[in-house]
Number of protein chains: 2
Amino acid sequence: MRHRLKDVAERAGVSVKTVSNVVNGYVHVRPDTRARVEEAIAELNYRPNLSARHLRKGRTGVIALAVPELDIPYFAELARYVVAAAADFGWTVLIDQTGGGREQERVVASGITDHLIDGLIFSPLALTAEDLAGLDNRPMVLLGERVDHGPADHVVIDNVGAAREITSHLIGLGRRRIAAIGSQRTPEGASARLRLTGYADALRAAGLDYDEALVAPAPAWHRADGAAAMRSLLTSGVRPDAVFCFNDTLALGALRALHEAGLRVPEDVAVVGFDDIEDGRFSIPTLTTVAPDKAQIARLAVELLAERLDGDRTASARELSAPYRLELRESTQLP
Amino acid sequence: MRHRLKDVAERAGVSVKTVSNVVNGYVHVRPDTRARVEEAIAELNYRPNLSARHLRKGRTGVIALAVPELDIPYFAELARYVVAAAADFGWTVLIDQTGGGREQERVVASGITDHLIDGLIFSPLALTAEDLAGLDNRPMVLLGERVDHGPADHVVIDNVGAAREITSHLIGLGRRRIAAIGSQRTPEGASARLRLTGYADALRAAGLDYDEALVAPAPAWHRADGAAAMRSLLTSGVRPDAVFCFNDTLALGALRALHEAGLRVPEDVAVVGFDDIEDGRFSIPTLTTVAPDKAQIARLAVELLAERLDGDRTASARELSAPYRLELRESTQLP
DNA sequence: CCTGCTTTCTACAACGTTGTAGGCAACGTT
DNA sequence: AACGTTGCCTACAACGTTGTAGAAAGCAGG
């Protein structure tokens with residue numbers, strides 16, 4: 001059975017509001033009264049009804065994290081950090097999987113979980129700034145690149161810079177025919193566009209040609225897509241000596257395809273990824289990658305949301321950048 | 001701004017309750033009235049306040065899924081299936097990460113998210129039947145092995161049978177010195193114990209000795225633990241020709257350690273795992289594993305919860321078993 | 001002993017929703 | 001013409017909580 005403030009109040013011989021005051025840490029309660037109430041709470045194992053509290057206060061203590069897919073390791077790792085960061089604020093995190101489609105994302109953003117959550121941390125793939133503009137402006141923090149200069153707070157990393165840096169690393173190793181895997185022409189592909197830009201920048205800076213034939217598209221960024229893209233690069237005869245994959249799962253797929261083709265990594269082809277997922281630290285060979293500071297991304301997102309909730313909801317949108325670093329591993333380092 | 005039934009009612013010129021009836025699909029509403037109300041709902045972009053509805057009805061339409069760690073791929077994949085299965089019932093899933101500790105799990109089970117959720121699907125590591133016995137019995141479905149014959153509904157797979165089968169497969173390939181990685185002595189290690197039992201059964205059935213030195217413990221079941229356990233097996237000099245790892249992440253770590261030791265898989269050592277996570281389909285070599293039917297596990301869990309919510313809450317606990325099959329891949333199949 | 005202040009507590013209303021009870025037409029049956 | 005039945009709708013109360021207003025008791029200062 002479930003007890004209410006009223007039950008506790010009767011047992012302790014005080015009013016309902018006094019129990020509420022004790023629960024909420026109100027100071028002007030006599031110590032012996034407080035003790036009596038706390039005892040009653042313990043005896044009845046009383047827990048506040050969050051729905052009722054929410055109805056009254058307008059806050060639930062729950063925020064949502066919406067990501068395209070949980071079984072993409074990057075998002076699972078990110079979720080872990082967001083849950084941890086939110087715990088510091090006493091928040092529970094409701095994790096929502098959008099699937100990445102534009103319509104599904106619109107539903108989530110417009111608040112299918114309406115009235116249950118105080119705010120939303122949202123990692124959209126397909127959503128555009130216009131989609132967001134028409135919405136109910138529940139406090140929201142966006143992760144990633146898609147909705148540039150939209151109406152909401154934003155945590156990003158410098159995709160162009162990171163892509164340029166890791167491509168330059170490959171060039172510095174003496175590689176000259178550097179392929180890229182993961183380009184996308186769809187509006188969903190904002191990260192892809194930025195990483196491609198960084199890749200092209202690095203080539204240009206080194207005086208290398210940008211060769212369209214070395215750039216392989218990937219409809220999604222799963223292992224299977226990386227493997228397929230790598231295979232098509234190999235059969236097309238362009239003979240790359242390095243591959244920059246736009247995320248780690250693509251890179252793991254590419255490693256697989258190279259292995260099947262009998263090519264050695266890094267001797268014949270160097271491979272780099274992006275995201276620093278745990279798999280890449282144990283793959284054969286281990287994977288050189290761009291490591292965004294996920295803990296920092298999560299913390300910044302939660303802090304932005306907290307400020308938005310407590311402070312001025314109409315203040316203009318802020319954009320914060322999280323750091324990254326290169327993780328050099330076996331897939332580029334000759335033994 | 002956010003609108004209420006009252007706003008819609010005023011706009012449509014009807015009572016609040018009539019709007020509520022339209023929203024809830026009550027039949028006795030004149031078509032023209034219904035149309036007027038629906039128009040007003042659309043114009044105001046009205047959404048019901050779930051907290052208020054819950055307060056009144058005692059249902060939120062939200063269930064929680066509590067797992068030890070989201071960045072263990074098995075749980076992430078499971079989460080995906082649970083979210084999908086729950087959607088069929090119109091439920092939103094709140095995903096909770098317990099961390100796997102006994103105290104944290106007790107907090108979750110006793111309902112830190114109290115009153116916000118209708119029920120709980122729970123994959124405990126450390127919790128004991130006694131822990132659960134004292135709790136508030138919110139409808140709960142348990143996944144996995146730990147709390148055998150506890151008070152709650154339960155979805156399991158036949159760990160002993162699956163472990164026996166995959167070990168027998170190794171024996172059938174002619175392997176004789178078969179190591180096991182992942183044993184645990186702690187109370188958390190229920191799955192470990194069952195899989196070890198199946199392993200020992202298979203050895204006995206084939207007339208092979210159970211050799212303590214071939215069984216390596218793993219404090220957790222991460223890649224790093226698998227790699228460490230494999231290294232210690234190799235340095236101990238027991239020279240296994242096959243390894244049964246109690247889950248896939250352990251196996252991926254073991255593959256890594258074998259690679260570092262210069263041993264070939266499967267030529268020198270065959271490796272098998274358990275869980276069929278996506279990584280194992282792309283690792284080098286790809287991983288032979290026990291593939292539990294995760295979609296079925298998720299569906300059974302959600303259905304059990306639905307029955308518990310709608311039906312008799314005091315009916316005795318049920319235990320359902322989900323199927324599994326062996327996935328034979330490169331880590332055991334000679335080319 | 002009165003006044004004004006502080007501390008401690010209580011009664012009441014309200015948050016947005018839905019179940020219950022009931023009213024009023026319109027209809028068909030006697 | 002009176003009656004019961006049905007369809008459609010409304011008023012009210014209640015779910016459990018907390019903010020507001022204010023009462024009662026204690027205290028200090030005159």
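Numbered from 1 within each chain, the chains take letters A, B, ... in sequence-line order.
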(message) Would you compute the distance between atom CG of A/L70 and atom CD1 of B/I95 and round it to the nearest 0.5 angstrom?
(response) 5.0 Å
(request) Kindly say if B/N21 contacts the phosphate of D/dC8, meaning a side-chain N or O under 4.0 Å from OP1 or OP2. (result) no
(request) Could you tell me how the ring of A/H28 sits relative to the ring of A/Y26: parallel (under 30°), tilted (30 to 60°) or perpendicular (over 60°)? (result) perpendicular
(request) Could you check which of C/dT18, D/dT17, C/dG16 has an atom nearest any side-chain atom of B/L55? (result) C/dG16
(request) Please report the C-alpha distance between A/R308 and A/V141 in whole Å, then the side-chain angles of each, then the deciding distance to 0.1 Å, and finally whether the side-chain contact (heavy atoms from CB on, under 4.5 Å) criterion is met. (result) CA-CA 9 Å; A/R308 195 54 78 168; A/V141 175; over 6 Å; no
(message) If you only use heavy atoms from C-beta on, which nucleotide in C/dC9, D/dC9, C/dG16 is closest to the side chain of B/N49?
(response) C/dG16
(request) Give a yes/no answer on whether the side chain of B/S20 brings an N or O atom under 4.0 Å of OP1 or OP2 in C/dT17. (result) no
(request) Write down the distance between NZ (A/K17) and C1' (D/dT17), rounded to a whole number of angstrom. (result) 9 Å
(request) Kindly indicate whether the side chain of B/R56 and the base of C/dT18 share any N or O donor-acceptor pair separated by less than 3.5 Å? (result) yes
(request) Identify whether any heavy atom of A/K57 sits under 4.0 Å from a base atom; if not, whether one sits that close to sugar-phosphate; answer base, sugar-phosphate or nothing. (result) sugar-phosphate
(message) Below the 4.0 Å mark, does C/dT10 have OP1 or OP2 next to a side-chain nitrogen or oxygen of A/T18?
(response) yes
(request) Ignoring the backbone of B/Y46, work out which of C/dT17, D/dT18, D/dC9 is nearest its side chain. (result) C/dT17
(request) With a 3.5 angstrom cut-off on both distances, give the Watson-Crick or G-U wobble partner of D/dA13, or none if there isn't one. (result) C/dT18
(request) Would you indicate, yes or no, if D/dC15 has its OP1 or OP2 atom less than 4.0 angstrom from a side-chain nitrogen or oxygen of A/S51? (result) no
(request) Please determine, for the side chain of B/S15, which listed nucleotide (D/dT18, D/dA11, D/dG16) has the closest atom? (result) D/dA11
(request) Choose from C/dT18, C/dT8, D/dT17 the nucleotide whose nearest atom is closest to any side-chain atom of A/R4. (result) D/dT17
(message) Students often get this wrong, so: under 4.0 angstrom with heavy atoms, is A/V14 touching a base, only sugar-phosphate, or nothing?
(response) sugar-phosphate
(request) Could you check which of D/dA11, C/dC9, C/dT8 has an atom nearest any side-chain atom of A/H28? (result) C/dT8
(request) Supply the atom-to-atom distance A/L320 CG to A/Q296 CD, rounded to the nearest 0.5 angstrom. (result) 9.0 Å
(request) Give a yes/no answer on whether the side chain of A/R53 brings an N or O atom under 4.0 Å of OP1 or OP2 in D/dT18. (result) yes
(message) By nearest atom, which of the nucleotides C/dT10, D/dC8, D/dT17 is closest to the B/R30 side chain?
(response) D/dC8
(message) What's the separation between atom CG in B/D118 and atom CH2 in B/W91, rounded to the nearest 0.5 Å?
(response) 7.5 Å
(request) Provide, to the nearest angstrom, the distance between the CG atom belonging to A/D32 and the C1' atom belonging to C/dT8. (result) 11 Å
